[in-house]
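Here is how names work: the chains are called A, B, and so on, in the same order as the sequence lines, proteins then strands, and each is numbered from 1.
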Amino acid sequence: MQAQEHASSEHPITLYRHVGCPYCERIVRVAQELDLEFHSRFVVPTHSERGFIKHISGQRAVPVLVDTHTGLTMSESANIIDYLRTTYGGDE
Amino acid sequence: MASFDVVEFPETNHVTAGDIAPKFTRPLVNSDYWENVSLSELTADGPVLLFAHPMDGTGIAKSTWVEIRNRSWGGGDLTVVGISISTPYEHKHLIDRHDLPYKLFSDPGNGVAGAYGIVHDYHGMAELQGHRPAFFLIDTDRTVVYAWVADEWPPSSPYNDVEAAIDSL
């Protein structure tokens, strides 16, 4: 596994996702609802080829959210959605 | 010595040395993930060698990348990247299978081939178009300092000329 650059200041919020992942799509919709900019990184469907996800989050499932504003890396879509609404929800 | 037929490509008005390399943004694939990256982001960090080639499964793609890897191109502030019409999944497969320490742009719509004047029609595969084998060495202000586009098939890649161009940066 190659060592990769971490998220830079150009992309403070990164969502690791895969194509057709309904949990990832929920997060995309919430981010759009919050008018929140984020950067997508796509991985392959096969869990065994997701060493990088394991490396950054301790497990192999996506979605995984990295937010360099707060230094947070998290998995589990319900937790991520909660976090985004709380952190970026503003006055509603 | 066995002889073989060399087929010439039609003439093309492709990007050459002295031109400004056309900008583009495409998914850039590494062995772990892929993400949108623009050529300008890469040239901001140093010169870029762009290797455009036919679909990843072709002998030309595989043998050229293996040769590039064996010659250890890249490193320092030079970024070596590839581009073809293959999807990110094929790019990851090529990278993993041949241990390539390089990233590959995915351009299935072939728009970058059009912009660079290197469109290749796959004869016998209906409606399929891709990239001719080509090397573009691009400086940090996006000036093309060296360009080679295959004008015959099979192409013979000018590895030594490319190395000389890299050394002269």
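The part of A/H39 that comes within reach of chain B is its side chain, from C-beta onward, which places non-hydrogen atoms under 4.5 angstrom from that chain.
Considering A/V43, A/I53, A/T14 as possible partners of B/Y33, the one that fulfils the side-chain contact (heavy atoms from CB on, under 4.5 Å) test is A/V43.
Two different hydrophobic clusters hold B/I83 and B/V119 under the rule that ILVMFWY side chains link at heavy-atom gaps under 4.5 Å. Under a hydrophobic clustering in which Ile, Leu, Val, Met, Phe, Trp and Tyr are joined whenever their side-chain heavy atoms come within less than 4.5 Å, directly or via other members, B/F105 and B/L49 fall into different clusters. The hydrophobic cluster containing B/V144 also contains B/L39, counting ILVMFWY residues as joined when their side-chain heavy atoms lie under 4.5 angstrom apart, directly or transitively.
Closest heavy-atom contact between A/E49 and B/D96: OE1-OD2, 4.2 Å.
Expressed to the nearest 0.5 Å, how far NZ of B/K92 lies from CZ of A/F42 amounts to 15.5 Å. Between B/N36 atom CG and A/R41 atom CZ the span is 11.5 Å, to the nearest 0.5 Å.
No side-chain heavy atom of A/F52 sits under 4.5 Å from any side-chain heavy atom of B/N30.
Scanning for salt bridge (charged side-chain N to carboxylate O under 4.0 Å, His left out) contacts around B/E163 gives B/R71, with sequence neighbours left out. Taking A/E25 as the reference, A/R17 meet the salt bridge (charged side-chain N to carboxylate O under 4.0 Å, His left out) condition, with sequence neighbours excluded.
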